[in-house]
Undergrad: 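Here's a structure for you.
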Amino acid sequence: MGGGAAGFFGAITCAETNPHLRVLLIEKTGKLLSKVRISGGGRCNVTHAADTPAQLVQHYPRGQKQLKEPFKQFGALDTVRWFERRGVRLKTEPDGRMFPTTDSSETIAQCLLDAAQQAGVQILLHTQAEHIEPLPTGGFRLTLTGPHAQTLEVARLLIATGGAPKADQYAWLRQLGHSIQEPVPSLFTFNVPDSPLRELPGVSVPQARVRVAGEKLEYEGPVLVTHWGLSGPAVLKLSAWGARRLHELQYQSTALVNWIPQHTEETLRQWLLEFREQNGKKGVVNNPLFGLPQRLWRTLAEQAGIGPETRWNELPTKLQNRLIEGLLRTALPVRGKTTYKDEFVTCGGVLLSEVNMQTMESRRVPGLHFAGEVLDIDGITGGFNFQAAWTTGFLAGRAMGAMNEQVSE
């Protein structure tokens, strides 16, 4: 159930593990692999370069501990080899993200569609399982609605329906006997309607540190100023690690941005002291330091009250202190969030303690498997959510195929 990355990977692996099985993939919409097609700006961030499971699990706010063994079975290198065996080569970008060499998500989508067809997977669109009934003798009876409406008995069932933003959308899984961790958004940007930087949309800094005031939440990386507030990898990753706490705060907080994280207040004061001695006649506002963009530097200087003609050797201590404060702790009042592009990610879903992470089979309902974002697993941006989908789909599909070798068409 589910025509996304995890559903396809599970169906393909199951059919390839046991070619005698009849494998059916049902998708309630008319679209297959929607997230695959839009990921990475249409390029598809397939996975992330990581040599070991220990490296890979560092990037999962939820599921870090539980994914270590699954990644030993099928990790990032296995994903690369899987696609390469099917004629799709991947490349690694400087930040570790991996994309198809074609830079087109259609390459990945088509590869999965072709692999499913070659494996004999039957795909039904606009089809939903309205009712799922576990049978006393094993297996399930599905009541399908839509153009392919029918009652169907299946030996095993993989749920790969993705994450959902509301808890009541998991009610059907609770009815099957599973506990659900309440879903909350992850991977979002910060809305700052009263931003002192609102005139700087498009300005980016490659290395800044964003911290939530009063919390143990911070992340360092590229930061982008937008017309609605603050974005970029550092903000997105901070939102993932802090998803539950930021939800509790109702997305109302103060973000503190350190634009020069290589400096502490002490080292910055010493650096400026030496700089002023050697460059006293230079103007402050029009000569940006630390590689910061001109527009950002000018704004920080103006907010500190520094006039356009002020030279460094004329700068009062009071105004320099304000500039230091802006460089190290620009305070931005966050008043909400914005979903990052169309790549909506939730944290929450089926409790991992109720799932055998070697086979992705339910510990409560024999024959029921899970894969992808329907589980309480989510990664930060950079290909990690897809890797979790490939891994859990592969393990579920392999287990389903191996355990059903006695079942014929």
Side-chain angles (χ1 to χ4, degrees), residues 4-18 36 44-86 88-92 95-99 108 111-112 115 119 156 158-160 163 181 237 240-241 345 347 349-363 366-405:
F8 261 83
F9 226 70
I12 292 164
T13 305
C14 182
E16 290 181 344
T17 300
N18 185 352
V36 169
C44 190
N45 185 183
V46 178
T47 186
H48 200 96
D51 295 332
T52 67
Q55 290 176 334
L56 203 50
V57 295
Q58 302 288 326
H59 306 278
Y60 293 86
R62 266 73 45 184
Q64 184 175 104
K65 178 183 173 184
Q66 296 90 340
L67 281 170
K68 197 163 187 179
E69 288 303 318
F71 283 154
K72 289 178 183 177
Q73 299 293 317
F74 194 93
L77 293 174
D78 299 295
T79 298
V80 173
R81 294 188 192 107
W82 192 95
F83 281 102
E84 283 190 347
R85 283 199 303 272
R86 290 158 178 83
V88 176
R89 294 185 64 81
L90 304 181
K91 62 178 180 178
T92 305
D95 60 3
R97 292 179 302 160
M98 300 193 74
F99 295 88
I108 301 300
C111 176
L112 291 165
R156 290 189 171 264
L158 170 60
I159 307 291
Q181 181 71 50
K237 292 172 182 179
W241 287 106
V345 172
C347 78
V350 175
L351 284 187
L352 301 186
S353 60
E354 298 179 358
V355 178
N356 179 339
M357 296 298 289
Q358 295 296 312
T359 61
M360 307 315 299
E361 184 175 9
S362 166
R363 296 186 187 277
L368 184 67
H369 299 253
F370 298 97
E373 281 185 41
V374 72
L375 293 157
D376 186 21
I377 290 173
D378 64 288
I380 58 176
T381 181
F384 301 105
N385 287 297
F386 273 137
Q387 185 56 55
W390 310 134
T391 295
T392 55
F394 177 85
L395 293 179
R398 184 175 67 178
M400 292 168 74
M403 292 177 184
N404 281 319
E405 285 181 343

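Values below: all heavy atoms of this structure, side chains included; hydrogens, waters and symmetry mates excluded.
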Undergrad: So how far is it from L395 CG to F71 CZ, rounded to the nearest 0.5 Å?
TA: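 That separation rounds to 9.5 Å.
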Undergrad: Under the side-chain contact (heavy atoms from CB on, under 4.5 Å) criterion, do C111 and W82 qualify, and how do the steps go?
TA: CA-CA 10 Å; C111 176; W82 192 95; 4.1 Å; yes
Undergrad: For P61 and G379, which heavy atoms make the closest approach, and how far apart are they?
TA: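 Scanning both residues completely, I find the closest heavy atoms to be CD-CA, 4.0 Å.
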Undergrad: What distance do Q73 atom CD and T391 atom OG1 have between them, rounded to the nearest 0.5 Å?
TA: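 Rounded to the nearest 0.5 Å, the CD-OG1 separation comes to 10.0 Å.
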Undergrad: With the side chain counted from C-beta on, respond yes when W241 and Y60 share a heavy-atom pair under 4.5 Å apart, and no when they do not.
TA: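 W241 vs Y60: side chains apart.
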Undergrad: Atom CH2 in W390, atom OG1 in T79: separation rounded to 0.5 Å?
TA: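 With rounding to 0.5 Å, CH2 (W390) is 7.5 Å from OG1 (T79).
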Undergrad: To the nearest 0.5 Å, tell me how far Q66 CD sits from M357 CE.
TA: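 If we round to the nearest 0.5 Å, Q66:CD and M357:CE are 6.0 Å apart.
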Undergrad: Side chains of I108 and L90: does their closest heavy-atom pair fall under 4.5 Å?
TA: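 In contact.
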Undergrad: Tell me if a side-chain donor or acceptor on N18 pairs with a main-chain N or O of A15 at a distance below 3.5 Å.
TA: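 No, because the side chain of N18 does not come within donor-acceptor range (under 3.5 Å) of the backbone of A15.
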Undergrad: E69: what forms a side chain to side chain contact (heavy atoms under 4.5 Å, CB included) with it, not counting sequence neighbours?
TA: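 If we apply the side chain to side chain contact (heavy atoms under 4.5 Å, CB included) test to E69, skipping adjacent residues, the hits are K72, Q358.
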Undergrad: For H48, check ring pair (Phe, Tyr, Trp, His ring centres under 6.0 Å) against everything at least two apart and list the hits.
TA: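 Checked H48 against ring pair (Phe, Tyr, Trp, His ring centres under 6.0 Å); matches are H59, F384.
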Undergrad: Just by modelled atom types, is the T359 backbone N or O under 3.5 Å from a matching donor or acceptor in the H369 side chain?
TA: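 Judged by distance alone, yes, a pair lies under 3.5 Å.
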Undergrad: Kindly write out the residues that satisfy salt bridge (Lys or Arg N to Asp or Glu O under 4.0 Å) with K68, not counting sequence neighbours, or none if the list is empty.
TA: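 So K68 forms no salt bridge (Lys or Arg N to Asp or Glu O under 4.0 Å) with any residue.
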Undergrad: With side-chain contact (heavy atoms from CB on, under 4.5 Å) as the test, would you mind laying out the steps for F83 and R89 before giving the verdict?
TA: CA-CA 7 Å; F83 281 102; R89 294 185 64 81; over 6 Å; no
Undergrad: Please give me the minimum heavy-atom distance between G75 and L56, naming the atom from each residue.
TA: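 Result for this residue pair: CA-CD2, 4.5 Å.
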Undergrad: Give me the atom names and distance for the closest heavy-atom approach of T17 to A402.
TA: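 Looking at all heavy atoms of both residues, the closest pair is CG2-N, 3.7 Å.
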Undergrad: With N45, which residues qualify under side chain to side chain contact (heavy atoms under 4.5 Å, CB included), at least two apart?
TA: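 Counting only residues at least two positions away or on another chain, N45 forms a side chain to side chain contact (heavy atoms under 4.5 Å, CB included) with S39, R97, F99.
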Undergrad: Check I377, V350, L368 against V355 for a side-chain contact (heavy atoms from CB on, under 4.5 Å) and give me the one that passes.
TA: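 Per the side-chain contact (heavy atoms from CB on, under 4.5 Å) rule, the option paired with V355 is V350, out of I377, V350, L368.
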Undergrad: How long is the gap from CG on D376 to CD on Q181, to the nearest 0.5 Å?
TA: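 Going from CG on D376 over to CD on Q181, the span is 5.0 Å.
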Undergrad: Passes side-chain contact (heavy atoms from CB on, under 4.5 Å), F386 versus T47? Steps please.
TA: CA-CA 6 Å; F386 273 137; T47 186; over 6 Å; no
Undergrad: Does K65 have more than 12 heavy atoms from other residues, nucleotides or ligands lying within 6.0 Å of its NZ?
TA: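 No, the 6.0 Å shell around NZ holds no more than 12 heavy atoms from other groups.
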Undergrad: Tell me every residue that passes salt bridge (Lys or Arg N to Asp or Glu O under 4.0 Å) with R86, counting only those two or more places apart in sequence or in another chain.
TA: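 Only E16 meet the salt bridge (Lys or Arg N to Asp or Glu O under 4.0 Å) criterion with R86.
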Undergrad: What residues form a side chain to side chain contact (heavy atoms under 4.5 Å, CB included) with L77, not counting sequence neighbours?
TA: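 Per chain and number, L77 pairs via side chain to side chain contact (heavy atoms under 4.5 Å, CB included) with R81.
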Undergrad: So does L375 get a backbone contact from the side chain of R62, meaning a donor-acceptor N/O pair under 3.5 Å?
TA: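 Here the side-chain-to-backbone pair does not exist.
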Undergrad: Just verifying a value: how many Å separate M98 CE and C44 SG, rounded to the nearest 0.5 Å?
TA: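 SG of C44 is found 12.0 Å from CE of M98.
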Undergrad: Which atom pair, heavy atoms only, marks the closest approach of A5 to V36?
TA: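 Closest approach of A5 to V36: CB-CG2, 4.1 Å.
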Undergrad: Taking G367's backbone N and O only, do any of them form a donor-acceptor pair with E361's side chain (distance below 3.5 Å, no angle check)?
TA: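 Yes; at least one donor-acceptor contact below 3.5 Å.
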Undergrad: So, for C347 and D378, which heavy atoms are closest and what is the spacing to 0.1 Å?
TA: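 So the two residues come closest at CB-OD1, 3.1 Å.
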Undergrad: Hey, does M400 have a side-chain heavy atom less than 4.5 Å from the side chain of L158?
TA: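 Touching, per the 4.5 Å side-chain cut-off.
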Undergrad: Would you call the rings of F394 and F74 parallel, tilted or perpendicular, where under 30° means parallel and over 60° means perpendicular?
TA: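 Parallel.
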